[in-house]
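Only one structure is covered here, and it is reproduced in the block below.
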Amino acid sequence: MGFINEARTLVKENIRDYGMYIALFVIMLTFSIMTDGLFMSSRNISNLLDSTGYIAVLAVGMTLVIVIRHIDLSVGFAAGFLGAIAAILLTKMGLPVYVTIPVILVLGIFIGLFNGLLIAKYAIPSFVATLAGMLIFRGALLQVTEKTGTIIIKDDAFNAIGNGFIPSLMIVNGLHLLSLILGLLSILFYIYSEISTRRNKIKYQFDVVSKGIFTFKLVFVSAIIAYVTWILAGYNGFSWTVVIMLLVVVAYHFLTTKTVLGRHIYAVGSNPEAAHLSGINVNKITYMVFGSMGMLAALSGILFTSRLQSATTTAGTLFELDAIAAAYVGGVSSAGGVGKVTGAIIGAIVMASLSSGMNLLGVGVSMQYMIRGGVLVAAVLFDVITRKKRG
Amino acid sequence: MSGYILEMNEISKSFTGVKALSNVNFKVRKGEIHCLIGENGAGKSTLMKVLSGVYPYGTYEGDIVFEGSVQQFNKISDSVQTGIVIIYQELALFPDLTVYENIFVGNEVKRGNLVDWNKTIAEAKKMLKRVGLDVSPETLVKDLSVGKQQLVEIAKALSKDVKLLILDEPTAALNEDDSENLLKLLGELKKQGITSIMISHKLKEVISIADQATVLRDGKTICTLDGSSGEISENMIIKNMVGRDIEDIYPKRPHKKIGETILELNNWSAYSTELARHVLRDIDFHVKKGEIVGIAGLMGSGRTELALSVFGNPKNYKLEGQLKVLGVEKTFKHTSDAIKSGIAYVTEDRKGDGLFLIQDIKNNITAANLNAVADKGIINENEEVKRATEYKRSMYIKASSLEQTVGNLSGGNQQKVSLGKWLFVGPKLLILDEPTRGIDVGAKFEIYTIMNQLISEGMSIIMISSELGEVLGMSDRVYVMAEGRMKGELPIEEANQENIMQLATQ
Ligand SMILES: Nc1ncnc2c1ncn2[C@@H]1O[C@H](COP(=O)(O)OP(=O)(O)OP(=O)(O)O)[C@@H](O)[C@H]1O
Ligand SMILES: [Mg+2]
């Protein structure tokens with residue numbers, strides 16, 4: 001009785017956070033039923049996550065940009081352009097992968113900082129400044145690929161980023177061993193960190209949820225990690241893309257929730273004037289957020305180029321809008337100061353699941369766009385309504 | 001008929017975790033001025049929001065009877081149609097629109113389907129005349145002083161054929177002259193048959209204007225005092241509000257220990273490129289360790305500008321002159337430099353540039369000094385919660401928990417959070433800009449006590465205030481400003497209401 005009641009109030013109070021997960025669950029379940037389980041097959045989930053990677057990392061950066069009340073429209077073609085530069089460095093210049101990738105990431109940071117400079121120092125509205133960037137990078141992409149057309153990349157190490165999987169060590173009963181080990185380790189790490197946080201809270205005499213709910217949560221989350229690991233291990237195991245995506249989420253989640261910098265980003269987002277008067281350097285935060293966005297755009301370019309094993313003249317088209325959609329589905333608010341990076345990833349996966357499921361069902365492209373548009377509106381509407389109710 | 005225009009019976013209203021009102025009874029007689037008083041968080045604003053339909057019928061319990069019939073308002077426009085108009089604690093005008101547009105927004109004067117602007121302007125003129133505001137209806141609202149904006153709000157209410165006018169702390173942001181004007185206007189409206197409810201923390205006002213006064217405490221009706229039988233006195237109000245007697249609302253400091261000079265300004269001037277004029281001119285000023293220096297003056301006399309120019313200059317004024325902290329000349333490039341030198345500034349506009357309204361109490365309290373609870377940039381959350389809890393407790397912040405969103409706190413509790421945020425920084429010099437605006441007597445007393453405590457620990461305080469009583473009651477020395485200049489400096493023994501006002505209006 002007490003258990004059910006406590007669970008109910010928890011869901012009620014955190015509906016905004018849980019809503020997204022529930023939506024993802026419903027979408028996955030629906031598609032599974034409609035495709036006779038094909039949707040949840042190892043192969044499909046693996047593909048789905050790999051094709052989410054380059055949008056998901058953009059969505060993480062975009063979430064922070066929107067949190068500080070700006071927007072970045074340039075990231076799509078910036079990713080395309082930087083991907084092409086990577087291809088040129090690898091093929092024409094013959095640079096090795098371990099030099100190319102850092103160079104591209106640093107270039108991305110500079111692009112982001114330049115946007116930040118226009119926006120923070122010269123007070124050009126971010127919409128305009130990055131719209132200009134979008135045009136410029138689109139032109140730049142065409143320029144560098146003009147003579148050659150599509151640049152084919154033959155570097156195996158580079159191509160593995162978007163297509164390869166982590167080594168298996170051993171195959172046990174048709175399952176990928178290293179992936180299983182990684183999955184198990186993350187479960188153990190998750191349980192350990194949850195228990196130590198709870199201990200600490202009890203030590204300081206703060207409110208914690210009851211033992212029942214706590215155990216339930218541990219079991220539930222562990223089961224999900226185990227299930228996803230199981231599915232992936234049945235195919236080729238974790239892909240490098242999934243590993244990179246997880247690293248980005250973990251790093252950004254830590255940065256936004258546990259650090260002074262993260263807190264300052266949300267402070268600037270919720271009230272820039274108050275942030276300034278609290279001694280927070282608003283311009284510096286703007287540079288950092290746009291710099292990080294640029295770096296993630298570069299990463300997105302690398303992931304995408306590697307996945308296609310080539311740089312094309314249209315790479316990056318509409319990435320920015322997909323990333324913005326994912327961020328909004330993930331619960332970011334344009335009023336500033338609200339939005340989580342974990343939400344962005346879930347948002348990206350929701351959008352990718354929709355495409356993937358509809359592809360499996362043979363839904364036409366025209367319908368797909370309209371349905372994804374509808375889901376975007378529904379997600380934001382849900383957000384607005386629940387916030388009003390609670391406010 | 002009962003003679004009551006409004007009866008609110010057994011009203012209860014809860015938010016998640018807090019019972020803001022429990023079985024409140026509130027009756028207002030036709031044609032009177034009824035004051036609603038009580039401590040911060042007592043539920044005054046909430047009661048008025050129930051009345052005006054901000055919280056629609058069904059989200060509260062109890063009955064609203066207006067002019068003899070039970071009302072069920074589902075939205076604000078329902079109550080407006082019935083003749084109930086509320087003017088909120090925060091003004092709701094559009095600063096970039098003209099006065100006449102503001103008066104008739106949402107209530108446009110139409111000919112057919114189009115707005116009849118000529119008639120609108122003519123009507124607006126009539127309304128302005130009724131509230132005694134002598135400005136052209138074509139003035140932009142942002143060019144008016146707060147006092148005049150307040151009158152525009154009232155003109156707007158009158159244009160809607162108001163029967164019951166509700167004002168939530170209308171004089172909190174006004175200087176004494178403007179306040180007096182406003183109160184006179186309420187008297188005028190009363191003669192025209194308009195009933196008013198006024199929420200106020202300024203007891204003098206309540207005493208001078210109220211026909212009746214209802215006291216709320218902790219979401220309950222304590223009593224209704226009657227003016228005609230002389231019940232509305234300072235003692236009675238305080239006793240019922242706080243639940244105990246407060247002997248002297250300005251607590252005494254037993255021993256003063258004045259030390260070396262903390263802050264010194266010489267020939268200090270500031271030019272605002274935005275306004276294209278000097279906001280400060282040739283200011284000489286100093287504060288010593290262990291003293292409270294009051295700065296008096298009218299609205300717009302440059303007091304806030306002085307504070308900002310010292311506090312890292314966030315408005316980017318062009319500064320001239322000399323600023324010394326503990327005898328060393330300094331130039332601050334950013335507010336963070338000023339904070340590092342031990343200066344803190346508690347803004348007069350807590351909602352605008354003081355607080356992060358969508359964040360919780362904890363995040364607000366630690367916002368300006370996160371490094372105190374962090375190690376190498378990583379926040380120690382347990383330590384943070386522990387420290388924030390200490391501040392919440394020692395400042396008597398009334399909230400359901402540390403995780404309550406600051407935007408949902410009552411005005412006075414927001415002010416305490418705003419002050420707490422700066423005490424958490426541990427400054428040497430605390431600049432308080434209108435520190436007790438919108439704060440109840442009990443909380444004022446608490447804040448004054450905290451100020452004295454800080455002083456005895458060796459801090460210095462600059463207190464900018466439009467409340468002369470407070471300036472005279474708390475300061476060791478008083479500066480008076482007018483038009484961006486320092487008009488005089490008075491030791492507290494010589495300062496009084498007359499000579500301060502004389503310097504301020506020179
Ligand atoms: N939306 C809300 N959610 C949660 N609690 C709320 C909300 N609005 C008000 N409260 C709580 O209800 C109580 C009454 O608040 P209210 O604003 O009515 O006080 P008040 O008497 O107007 O105080 P003040 O004089 O400081 O303005 C407070 O404890 C406040 O924290
Ligand atoms: Mg109030």
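The candidate from B/T405, B/I378, B/N382 with the greatest count of non-hydrogen atom pairs under 4.5 Å with chain A is B/N382. Across B/T335, B/I379, B/L402, the residue that shares the most heavy-atom pairs under 4.5 angstrom with chain A is B/I379. Between chain A and the residues B/D337, B/L355, B/T59, B/N363, the largest count of heavy-atom pairs under 4.5 Å involves B/N363. Contact count against chain A (heavy-atom pairs under 4.5 Å) is highest for B/G352 among B/G352, B/S401, B/A374, B/G312. Among the candidates B/V425, B/T389, B/L370, the residue making the largest number of heavy-atom pairs closer than 4.5 Å to chain A is B/L370. Contacts with chain B were tallied for A/A267, A/A274, A/G337; A/A274 has the most, counting heavy-atom pairs under 4.5 Å.
Proximity to chain A (any heavy atom under 4.5 Å) is shown, for B/K333, by neither the backbone nor the side chain. When heavy atoms are compared at a cutoff of 4.5 Å, B/I339 approaches chain A solely by way of its side chain, counted from C-beta outward. Within the 4.5 angstrom heavy-atom criterion, no atom of B/K376 approaches chain A. For B/E384, the part lying near chain A is the side chain, with the backbone staying farther off; criterion is any non-hydrogen pair under 4.5 Å. At a 4.5 Å heavy-atom cutoff, the contact between B/L308 and chain A is made by side-chain atoms alone. Looking at B/N369, neither its backbone nor its side chain comes within 4.5 Å of chain A, counting heavy atoms on both sides. Interface residue B/T366: only side-chain heavy atoms are found under 4.5 Å from chain A. With a threshold of 4.5 angstrom between heavy atoms, A/Y266 approaches chain B through its backbone and through its side chain.
Checked against the 6.0 Å centroid threshold, B/Y55 and B/F73 do not count as a close aromatic pair. For B/W422 and B/Y391, the distance between ring centers is not under 6.0 angstrom.
The pair B/K142-B/D96 counts as a salt bridge, with a side-chain nitrogen and a carboxylate oxygen less than 4.0 angstrom apart. With salt bridges taken as basic N to acidic carboxylate O contacts below 4.0 Å, none links B/K315 and A/E273.
Under a cutoff of 6.0 Å and an axis angle of 45°, B/K330 and B/F332 do not form a cation-pi pair. Annotation: cation-pi geometry not satisfied between B/R387 and B/F424 (NZ/CZ under 6.0 angstrom from ring centroid, within 45° of ring axis).
The backbone N or O of B/I439 sits nowhere less than 3.5 Å from a side-chain atom of B/T436 that would complete a donor-acceptor pair.
A 6.0 Å sphere centred on NZ of B/K13 holds more than 12 heavy atoms belonging to other residues, nucleotides or ligands.
Using bins of under 30°, 30° to 60° and over 60° for the plane-to-plane angle, the ring pair A/F216/A/F220 lands in the parallel bin.
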